[in-house]
Amino acid sequence: MTQNQTQSDLDQIRRKTERREKTQKTIVYVLLTFWAIMVLFPFYWMVLTSIKSYSAYNSEYIPQFFTLTPTLQNYSDVFTTVDLGRYLMNTVIFTVITTAIMLGVTVLAAYAFARIRFKGRELVFMIFLALMMIPNELVVITNFVTITNWDMRNTFAGLILPSITSVFYIYLLRENFAAVPDELYYAAKVDGTSDLKYLFKVMIPICKPTIVTITILKVIECWNSYVWPRLITDDKLYFLVSNGIQEIRENGLGRENIPAMMAAVVVISIPLIILFLAFHKKIMEGVSRGGTKG
Amino acid sequence: MDKNNNKGWLYLLPAILFLGIFMVYPLIDVLVYSFEEQYNFASQTYSGVGLFNYSYVLHDPYFMQAIKNTFILVIITVPLSTLIALVISLGLTSIKKLRDLYQTIYFLPYVTNTLAIGLVFMIMFKKTPYSEGMINMLISTFGGKSVDFIDGPYWAKMFVLCFYTIWIVLPFKILILTSALASVNQDYYNAAKIDGTGKWRIFTRITLPMISSSLFYLVITGFIGAFKSYSDAVALFGTDLNAAGMNTIVGYVYDMLYGDSGGYPSYAAAAALVLFAIVMTITCINMLVRKKYVFQ
């Protein structure tokens with residue numbers, strides 16, 4: 001009798017805690033879903049607006065949350081009435097060249113810091129680390145003057161040259177290079193392998209994950225860069241997408257043609273979103289190792 | 001050894017060249033600019049050396065407006081975004097199902113083009129004579145009074161700017177905090193459970209101290225980032241931020257340098273150095289506080 005009672009008491013307590021935990025879980029899921037909607041909604045709104053026709057959009061005093069008559073007209077508009085194709089091409093050229101040169105410079109510097117012993121190495125490395133703290137805003141003024149004096153405004157060289165070096169990536173890769181066991185290096189030396197060959201045949205294959213990570217991070221950075229391109233280009237022929245979208249907003253399609261503007265935004269966003277979906281593990285890992293935006 | 005010496009410098013040469021020309025030299029040069037009075041960009045001459053540029057900038061109403069805007073933005077977004085990120089990360093850590101999906105979604109704003117998505121926010125918040133806009137529709141549904149967030153009153157514009165800034169910076173903060181929370185040793189939690197410690201106590205006595213260094217890292221980078229914010233404002237209000245009354249310090253620097261109001265690298269340099277001084281001061285204060293509170 002008493003035993004039965006204790007048993008039922010216990011059951012009751014267990015049911016109670018279970019119920020409480022369940023409500024807590026539910027609250028957590030509701031909160032998380034709420035924020036997920038907050039994150040995704042602008043993307044939904046941008047795609048939705050971009051497939052509404054100009055007249056349909058402007059006749060909606062109260063915006064509609066869906067459309068029954070989707071159109072792709074806006075997408076063809078952004079490639080014909082404004083030069084979105086050229087902005088995209090420019091950005092691709094800028095991104096590819098900048099990232100490629102950055103990789104070369106970074107790999108060589110990281111290798112020197114990690115593997116070659118020479119006088120002054122530690123001092124130079126300290127100076128490099130100190131440079132990581134310098135905000136871009138301080139150096140951009142002189143760079144603007146330098147590039148103007150070199151007659152490189154509205155050229156790819158002017159866009160690319162100051163955008164190449166990232167001390168942080170050199171640091172990241174050096175750490176990775178330094179973790180490769182020394183024995184490999186000495187073995188290669190005994191075999192008469194040159195440093196350059198060792199770098200390309202051994203170090204780079206081993207450290208490929210880090211190199212892929214910094215490549216992706218640099219691509220994102222290039223694709224989104226706005227301040228420097230804005231300062232250095234005023235000729236539309238050399239606009240990158242960020243400046244292109246600003247130009248489209250202020251002069252291009254007419255201020256009122258919002259659906260076409262949104263189509264341009266979709267086109268600009270898609271490459272990075274694809275890159276992200278393909279590499280999200282790598283990107284998030286790379287960023288959490290110390291990247292910041294901007 | 002001698003051979004190695006040359007080789008080392010040879011491998012470093014490209015990096016040193018780029019950093020020297022585009023980072024070390026500008027750093028010295030910007031100081032010089034800021035003290036050269038009445039510098040003429042076309043003839044590259046100046047009339048004297050002194051503090052006039054600083055005094056000009058500090059008496060410029062546009063600069064004062066930019067300072068005010070930037071400080072409001074910093075004071076609102078840094079604590080709020082860190083707090084929201086903490087709540088979301090705690091939620092994320094407490095679940096198993098769908099965790100990866102949520103994490104991936106939350107990170108999405110990080111990889112988007114600030115200028116492009118800013119336009120989407122602009123049209124969502126904008127109110128025009130022929131369209132009420134998405135947000136105002138929601139406000140009206142709940143019985144509020146609609147307001148133009150883009151060309152309307154100051155507080156409304158500031159609200160959108162803060163909202164968009166938080167939306168943009170959260171992915172990074174959530175990512176850092178979730179990895180910090182995941183790396184807390186589970187033994188502590190198990191021990192606390194055996195002792196029957198309450199949830200709030202576990203949070204304040206175990207979780208917070210264990211992630212305090214990540215939290216401070218976020219606060220410090222958050223302050224620096226928010227003080228330097230600029231593209232978010234351009235995305236929402238267009239390139240003429242002074243006219244919109246929404247300029248930031250960095251925006252002021254660039255406006256002085258280039259564009260319709262540009263051509264004054266000396267003023268730009270002085271403003272940039274004022275910004276640098278503010279950021280350094282705040283960072284130093286943060287470091288001091290950090291020393292006092294961070295565990296380990």
Side-chain angles (χ1 to χ4, degrees), chain A residues 28 31-32 35-36 39-40 42 45-46 49 58 60-63 105 108-109 111-112 116-119 121 124 131 134-135 137-139 141-145 162 164-165 170 195 220 223-224 226-227 231 241-242 245-246 249-250 258 261 265 268-269 272-273 276 280 284 287-288 292-294, chain B residues 4-5 7-9 11-12 14-15 18-19 22-23 26-27 29-30 33 88 91-92 94-95 102 104-117 119-121 123-124 130-134 137 172 175-176 179 221 225 228 231 238-239 250 253-254 257-258 265 268-269 272 275-276:
Chain A
V28 167
L31 270 177
L32 291 179
W35 188 255
V39 169
L40 290 179
W45 199 251
M46 121 189 141
T49 312
N58 282 319
E60 294 172 0
Y61 181 72
I62 301 216
V105 173
L108 287 179
Y111 184 73
I116 305 172
R117 280 178 217 290
F118 59 96
K119 246 186 240 157
R121 183 177 78 168
V124 181
L131 285 180
I134 301 303
E137 286 68 25
L138 268 186
V139 297
I141 299 165
T142 307
N143 287 343
F144 173 73
V145 178
I164 286 170
T165 34
I170 296 178
D195 269 285
I220 296 176
W223 193 268
N224 290 335
Y226 168 67
V227 167
L231 288 175
V241 284
S242 296
I245 198 78
Q246 208 54 31
R249 170 189 182 167
E250 288 180 357
I258 284 169
M261 235 187 253
V265 170
I268 287 173
S269 307
L272 278 194
I273 290 178
F276 174 64
H280 68 271
M284 289 163 78
V287 172
S288 71
T292 47
K293 182 155 191 166
Chain B
N4 260 350
N5 250 339
K7 200 189 284 165
W9 289 108
Y11 276 67
L12 271 183
F18 277 112
L19 284 176
F22 295 113
M23 217 159 183
L27 212 55
D29 198 49
V30 76
Y33 268 126
I88 291 177
L92 268 181
S94 74
I95 64 167
Y102 279 116
T104 311
I105 292 174
Y106 293 158
F107 197 70
L108 202 54
Y110 188 92
V111 289
T112 54
N113 187 308
T114 319
L115 270 303
I117 301 297
L119 265 188
V120 183
F121 274 76
I123 65 147
M124 276 168 39
Y130 51 85
S131 170
E132 206 177 24
M134 211 285 295
M137 185 189 72
F172 178 66
L175 181 69
I176 298 291
S179 36
T221 53
K228 297 199 300 188
S231 349
T239 40
V250 170
V253 172
Y254 294 138
L257 193 59
Y258 176 70
L275 170 67
F276 187 56

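Remember, it's a predicted structure, so these values are computed and weren't measured experimentally. By convention in this document, chain letters (A, B, ...) are assigned in the order of the sequence lines, proteins followed by strands, and residues within each chain are numbered from 1.
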Whatever's closer than 4.5 Å to a heavy atom in chain A on B:Ser179 counts as side chain
Side-chain touch B:Tyr254/A:Glu137, heavy atoms, less than 4.5 angstrom: yes
Just by modelled atom types, is the A:Lys119 backbone N or O under 3.5 Å from a matching donor or acceptor in the B:Asn5 side chain? yes
Pairwise distance CG(B:Leu108) to CG(A:Leu40) - rounded to 0.5 angstrom: 6.5 Å
Roughly how far apart are B:Ile176 CD1 and A:Met284 CE, rounded to 0.5 Å? 10.5 Å
Give the minimum heavy-atom separation between A:Phe118 and B:Leu12, together with the two atoms involved. CZ-CD1, 3.6 Å
Main-chain N/O of A:Trp35 paired to B:Tyr102 side chain as donor or acceptor, under 3.5 Å: no
Among A:Leu231, A:Ile268, A:Val241, A:Val124, which residue forms the greatest number of heavy-atom pairs with chain B at distances under 4.5 Å? A:Leu231
Is it the side chain or the backbone of B:Met137 that comes within 4.5 Å of chain A heavy atoms, both, or neither? side chain
Option passing side-chain hydrogen bond (donor to acceptor under 3.5 Å, both in side chains) with B:Thr239 (candidates A:Gln246, A:Glu250, A:Arg249): A:Glu250
Tightest non-hydrogen contact, residues B:Gly91 and A:Val28, listed as O-CG1, 3.6 Å
Using a cut-off of under 4.5 Å for heavy-atom pairs, which of A:Val105, A:Asn143, A:Ile245, A:Leu32 has the most such pairs with chain B? A:Leu32
Nearest-0.5 Å distance, CG of residue B:Asn113 to OG of residue A:Ser242: 3.5 Å
If I compare all heavy atoms of A:Ile141 with all of B:Pro265, which pair ends up nearest, and what's the gap? CG2-O, 4.0 Å
Nearest-0.5 Å distance that lies between atom OG1 in B:Thr112 and atom CG in A:Asn224: 7.0 Å
Nearest heavy atoms of B:Met23 and A:Val139, plus distance in Å: O-CG1, 3.6 Å
Yes or no on ring pair (Phe, Tyr, Trp, His ring centres under 6.0 Å) for B:Tyr110 and A:Phe276, after CA distance, side-chain angles and deciding distance? CA-CA 10 Å; B:Tyr110 188 92; A:Phe276 174 64; 8.9 Å; no
I need the residue from B:Val30, B:Ile123, B:Leu27 with the largest number of non-hydrogen atom pairs under 4.5 Å to chain A. B:Ile123
Please determine whether side chain to side chain contact (heavy atoms under 4.5 Å, CB included) holds for the pair B:Tyr11 and A:Asp195, giving the CA-CA distance in whole Å, both sets of side-chain angles, and the decisive distance to 0.1 Å. CA-CA 10 Å; B:Tyr11 276 67; A:Asp195 269 285; 3.5 Å; yes
Side chain from CB out, backbone as N, CA, C, O: work out which of these in B:Val253 comes under 4.5 Å of a heavy atom of chain A, or both, or neither. side chain
Could you walk me through whether A:Val39 and B:Phe107 satisfy the side chain to side chain contact (heavy atoms under 4.5 Å, CB included) test, starting with their C-alpha distance in whole Å, then the side-chain angles of each, then the deciding distance to 0.1 Å, before giving a yes or no? CA-CA 9 Å; A:Val39 169; B:Phe107 197 70; over 6 Å; no
Chain A contacts, top residue of B:Ile95, B:Ile117, B:Leu275, B:Val250 (heavy-atom pairs, under 4.5 Å): B:Ile95
Between B:Ala15 and A:Thr165, the two heavy atoms sitting closest are O-CG2, 4.3 Å
Looking only at heavy atoms, which two atoms of A:Leu108 and B:Pro14 are closest? And how far apart? CD1-CG, 4.3 Å
Contact leader toward chain B among A:Ile170, A:Ile220, A:Ile164, where contacts are heavy-atom pairs under 4.5 Å: A:Ile164
Mind checking the CG-CG spacing from B:Leu92 to A:Leu31? Nearest 0.5 Å is all I need. 11.0 Å
Say you draw a straight line from OH of B:Tyr33 to OG1 of A:Thr142; how long is it, rounded to the nearest 0.5 Å? 6.0 Å
